[in-house]
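Here is how names work: the chains are called A, B, and so on, in the same order as the sequence lines, proteins then strands, and each is numbered from 1. Atom set for the values below is all heavy atoms of this structure, side chains included, hydrogens, waters and symmetry mates excluded.
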Amino acid sequence: MAERIAKLESRTRFEPSEVESRIFERWLDSGLFHPKPDGDPEHNYSIAIPPPNVTGSLHMGHALNGSIQDVLIRYQRMKAAGRRPPSRTKWILGTDHAGIATQAQVEKALLAEGTSRHELGREAFVERVWDWREHYGHTIVEQFKRLGASCDYADERFTLDEGYARAVADVFVRLYEKGWIYRDRYIVNWDPGSRSAISDLEVEERHETDTLYSIRYDLVEDGAADQGASPSGPPGGSVTIATVRPETMLGDTAVAVHPEDERYRDLVGRHAILPLVGRHLPIIADDYVKMDFGTGQLKVTPAHDPNDFEIGARHDLDQVSVIGEDGCMTAEAGERFAGLSVMQAREAVVAALREEGRIVAEEPYEHEVPYSHRSGERIEPLISLQWFMDMTELAKPAIRAVNDGAVRIVPDNHRRVYLDWMENIRPWCISRQLWWGHRIPVYYCETCSHVHVAATEPDACSECGGRLCQEEDVLDTWFSSALWPFATLGWPEQTPELAAFYPTDVLSTARDILFLWVARMIMMGIELTGKVPFSDVYIHSVIQAPDGRRMSKSLGTGIDPIQEIERHGADAVRFGLLAMSSTQDVRYSVEKIQQGQALANKLFNATRFALLRVHASLGGEAAAELEPEPMPRTIEDRWILSRLAQIETDTAARIEDYDFSHAALGLYDFVYGELCDWYLELVKHRLPDLGEAGEQDEESREALAATLLYVLGQTVALAHPVIPFVTEELWSYLDGAGDLLAGRQYPCADASRVDLDAEVEIERAIEAIVAVRGWRDSVGARAGITIPARLCAPCYGSTAPLLARMARLQFLEEDEAEGAQLALASVAIPGGVIEILSAEGLDLAAAERRRTAAAEKLQVEIERIRGKLENPGFVAKAPAAVVDGERERLQRLTAELAAL
RNA sequence: GGGCGCGUAGCUCAGUGGGAGAGCGCUCGCUUCACACGCGAGAGGUCGCAGGUUCGAAACCCGCCGCGCCCACCA
């Protein structure tokens, strides 16, 4: 150990790259991350990681959320180490098969090879994706290790694992049998990019400007009077509809007006002739129609518009599908248009209508257009046979859980959002026309078309013995993700893991998947396990690019966390992200990362300093295990122990409150603002190997060594959840036993060490030192020289020597000062002044200017307080403590001003 | 259209009822024997605007201006 410490001599900087992988290996080997499944979830602590996409790589969101979860996990693991009997801490790890995203990546690779999934066939393609997963699926897990994340790597799950797949099939069957899962022909969000239906939540609206066309449809002559027909129109009159999607008119099956629209009352029941097609369209009344939009006459296309679909259902209209799943016009669109793309068809239809003189008006029109969040292509609403899940019964207990606090959402302004969505929940389209995913466990008989729904494939049709074929579609990836907190632990089997770690404690995520994932986990958790899957949901910030835009690959605004780790160290990145995080979105600031880097380096050097100076006097004992006994005698020892107790209390409270920013920054402030800037500077002279050391006796030196190393050890342990690498590295020097800090007990504040007297005295001394240093600077006193002075303030009994040393003053006693030597200048300090007795090398004019400025400042402050105290309202209504405080302050400042 | 949130130092952000703060940047001084990725000292702010509540408002309330996000079926 002595040699190791000696080697520190030359290491003046903390080099993350030298230690990170070595330390991570030690953690892994220790088994600390892989708890035995004992005990019960009440006492144990667990978090299920939001499973990253198996082919993904670490982005800033992962890095922030990883840091947050690791702080919680490391904090709880260390707390657990102090419990008797001990409890266990598990961070459940795994990846998500991410249906569309993964399939798209592999398809892209196939395209580059000049082939396609269709050419390969389903089986070979799925095989190919598994290969891909073998190849690239571990990247992100390795990247989490770089961050220092203490997940249970020995128990990694994948949403397509055999056991997990069984759970998924099992859930499908259960919910089908409850009648909540059903198959239906319904209008869905068709994503031409992935050639699949997607759910409402995977659709994003983009603001676009299109052309709004007004098109005239003639009416069928029905022999009745020509009311409602324009005089200039054809004999039967006409209607004029408005649309931004003229190509869909080919699928119109009605025209609608509002039932209370006086203008068109007589049109209802008549028919219009669909231009280009000739179909007769009934004119119906439906109160969906807005009377004040356009002409108040609406074309109805049930097969290609969700609203029209509803209208169609109400009026039993035909559904004419003119756009196919390939995004091209179908045969139903007519010979002229069949096979054209939607955009081509739009042009062709407009051209044809124009030729017939039917376009009455064209105007630019701004509106929201649906796009696929998955492929980026424009959504094509169309009618399709899909599997749906009715959510109403699932939602009810999930609403209750949040309302009654069984699930707490932090920060709680997200509660309202969750509840609003849940209260208006709609059926979930759970089938996807993909090959990569959980194939729906439904089997159709080839002979009698009987439908079998079963978790394992039946041999033959139970009705007729015919051959069965499985449903082609797979489930929405989020269907399997919804089971994550318990399926990862082995559910539906009653495994020891499930018994020990479910329900989990907290789920941490960004708000973008609150509905997509979190809400569904709550619903499924309650339905299937009878328990909420976690008691807290923590919604963290979204980190934006430094310029405030989204961080995204396509915009080129992304910042790679791994690159940042390589540049600044994992501790720095963790610290920085946590310090940035907040209850709202924040911009990435590399300065915060650098602040973390500085903190790691500072702690490293402070520890190095203490060890190098103190080691000799301890003979290589387990330094940090020393309690600061004999009890500290000096005021600064009492002060730092008191401050340590405070930061210990604060840090634990902040972590438990999910206030990571203040937890991290509070540690920084303690290490810089108290431990290094003041405590170390105050005690330096008491350490061995210094010229002045002779004046200290052995006992005092040992007391200091014990206190110093104790404070450092506790600080390093306290900071471990935030900056695990540097603290673990330092611990290896501080701890003689060779134990891992990660498995050690978390520091717990010792209330008996809180010493408010010492705090008041040291704080006053610090203020005085800062005042003198400022004064020295302004009068041009050289940094090295010691200035003779007289301390004219009563309250520096035990801190006067500290004040003298830190401010480089020499306080002369009355007799030494050859009688009452005249003050050449004076410096205001709390509770009095310091008189300067030598002007050597000082700018006395500047000193006088400074004195005047200080007096003015005091005067202004005195006036302000006087004004306040002369206000009868203040004295009468403000709390007595506040009034007394102001009175005291007035007294003190007046005395200081008089002395100056 | 509904909801949530934000506007504080040049930049990124804390502060949420009684003396305007941090990090970075900037200025000045220090090769002070832990750290020059360092140390010390400074400059810099009518706390978006306008009202109100209060003895007292950066903070609480109302309105306005500006910005962001989420939800929503007006072609």
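- Distances from the side chain of A/A878 to the nucleotides B/rG23, B/rA75, B/rG18 place B/rG18 closest.
- Contact annotation for A/P879: base contact, defined as any heavy-atom pair under 4.0 Å involving a base atom.
- Relative orientation of the A/F293 and A/Y365 rings is perpendicular, given thresholds of 30° and 60° on the angle between their planes.
- A/V542 comes within contact range of no nucleotide atom at all, as no heavy-atom separation falls under 4.0 Å.
- Closest to the A/V770 side chain, of the nucleotides B/rU12, B/rC55, B/rA41, is B/rA41.
- Taking atom C1' on both B/rG66 and B/rA36, the two are 43 Å apart, rounded to the nearest angstrom.
- B/rA43 is unpaired under the criterion used here, namely a Watson-Crick or G-U wobble arrangement in which both key atom distances are under 3.5 Å.
- A/R773 places its CZ atom 9 Å from the C1' atom of B/rC39, with the value rounded to the nearest Å.
- Counting to the nearest Å, the P atom of B/rG1 and the NE2 atom of A/H207 are 12 Å from each other.
- Between A/R245 and A/E380 there is a salt bridge, since at least one side-chain N of the basic residue sits less than 4.0 Å from a carboxylate O of the acidic one.
- Put simply, A/R416 has no side-chain N or O that comes within less than 4.0 Å of OP1 or OP2 on B/rG3.
- The nucleotide whose nearest atom lies closest to any side-chain atom of A/L680 is, among B/rA34, B/rG42, B/rG23, B/rA34.
- Side-chain polar atoms of A/E368 and A/H207 form a donor-acceptor pair below 3.5 angstrom.
- A side chain to side chain donor-acceptor pair (under 3.5 Å) with A/K299 is found for one member of A/T253, A/T248, A/D308 and no other, namely A/T248.
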Could you list all N or O pairs between the protein and nucleotides 68-72 of chain B that sit under 3.5 Å apart?
{"residue": "B/rC69", "atom": "O2'", "partner": "A/R511", "partner atom": "NH2", "Å": "3.0"}

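- When both pairing distances are held under 3.5 Å, B/rG38 makes a Watson-Crick or G-U pair with B/rC30.
- In this structure, A/T607 reaches neither bases nor backbone, as no heavy-atom distance under 4.0 Å exists between it and the strands shown.
- Evaluation of the salt bridge (Lys or Arg N to Asp or Glu O under 4.0 Å) test over residues 574-595 of chain A, restricted to residues two or more places apart or in two chains, returns A/D70-A/R574, A/R511-A/D585.
- Side-chain atoms of A/K684 lie closest to B/rA34 of the nucleotides B/rC24, B/rA34, B/rA75.
- Between B/rG2 and B/rA72, the distance separating the two C1' atoms is 7 Å to the nearest Å.
- We find that CD of A/E861 is positioned 12 Å from C1' of B/rG18, with the value rounded to whole Å.
- Judged by a 6.0 Å distance limit and a 45° cone about the ring axis, A/K684 is positioned over the six-membered ring of A/F609.
- Annotation: B/rU27 and B/rG44 have their P atoms spaced 15 Å apart (nearest Å).
- One interatomic measurement links the two molecules: CD of A/Q584 to P of B/rG15, which rounds to 9 Å at whole-angstrom precision.
- Contact annotation for A/G294: no contact, since no heavy-atom pair falls under 4.0 Å across all strands.
- Across the C1' atoms, B/rU32 and B/rA14 are found 33 Å apart, a figure rounded to whole Å.
- Residue A/E9 places no side-chain atom within donor-acceptor reach of the base of B/rA34, judged by atom type and a 3.5 Å distance cut-off alone.
- Comparing the P positions of B/rC61 and B/rG17 gives a spacing of 11 Å, expressed to the nearest Å.
- Here the side chain of A/Q595 is nearest to one of B/rG18, B/rG5, B/rA22, namely B/rA22.
- Between the CG atom of A/L612 and the P atom of B/rC33 there is a distance of 15 Å, given to the nearest Å.
- Nearest nucleotide to the side chain of A/A598, out of B/rA34, B/rG38, B/rC73: B/rG38.
- As the counterpart of B/rC4, B/rG68 is assigned, both hydrogen-bonding distances of the Watson-Crick or G-U wobble pattern falling under 3.5 Å.
- Nucleotide B/rG63 forms a pair with B/rC49, judged by Watson-Crick or G-U wobble geometry with both contacts under 3.5 Å.
- Separating the CD1 atom in A/I215 from the CD1 atom in A/I241 is a distance of 4.0 Å, to the nearest 0.5 Å.
- A/Y418 places its OH atom 18 Å from the C1' atom of B/rC4, with the value rounded to the nearest Å.
- Rounded to a whole Å, the CZ atom of A/R613 is 8 Å from the C1' atom of B/rA34.
- The side chain of A/K602 contributes an N or O atom lying less than 4.0 Å from OP1 or OP2 of B/rC39.
- Summary of the strand contacts: A/E591 and A/Y672 both lie near RNA chain B, and taking for each the nucleotide with the nearest heavy atom, the more 5' one is attributed to A/E591.
- Atom C1' of B/rC33 sits at a distance of 46 Å from the matching atom of B/rA58, rounded to the whole Å.
- Checking B/rG15, B/rA75, B/rC13 against the side-chain heavy atoms of A/H662 singles out B/rG15 as nearest.
- For B/rA9 and B/rG5, the C1' atoms lie 23 Å apart once the distance is rounded to whole Å.
- Using a 4.0 Å cut-off between charged nitrogen and carboxylate oxygen, A/E896 and A/R892 count as a salt-bridge pair.
- The residue among A/G296 and A/V882 whose nearest nucleotide of RNA chain B lies closer to the 5′ end is A/V882.
- With respect to A/E767 and A/R764, no salt bridge is recorded, no charged nitrogen being found less than 4.0 Å from a carboxylate O.
- Using a 4.0 Å heavy-atom distance criterion, A/Y588 is classed as making no nucleic acid contact.
- Atom name P, nucleotides B/rA59 and B/rG52: the rounded distance is 14 Å, in whole Å.
- A salt bridge is defined here as a Lys NZ or Arg NE, NH1 or NH2 lying under 4.0 Å from an Asp or Glu carboxylate O, and A/D777 with A/R773 fails to meet this definition.
- Each of B/rC13, B/rG40, B/rA75 was ranked by its minimum atom distance to the side chain of A/D677; first place goes to B/rG40.
- In this structure, the separation between CG on A/L893 and NZ on A/K857 is 11.0 Å, given to the nearest 0.5 Å.
- Atom CD in A/Q594 sits about 10 Å away from atom P in B/rG38, given to the nearest Å.
- The nucleotide whose nearest atom lies closest to any side-chain atom of A/D777 is, among B/rG18, B/rA41, B/rC24, B/rA41.
- Between B/rA14 and A/S582, a contact under 4.0 Å exists linking OP1 or OP2 to a side-chain N or O.
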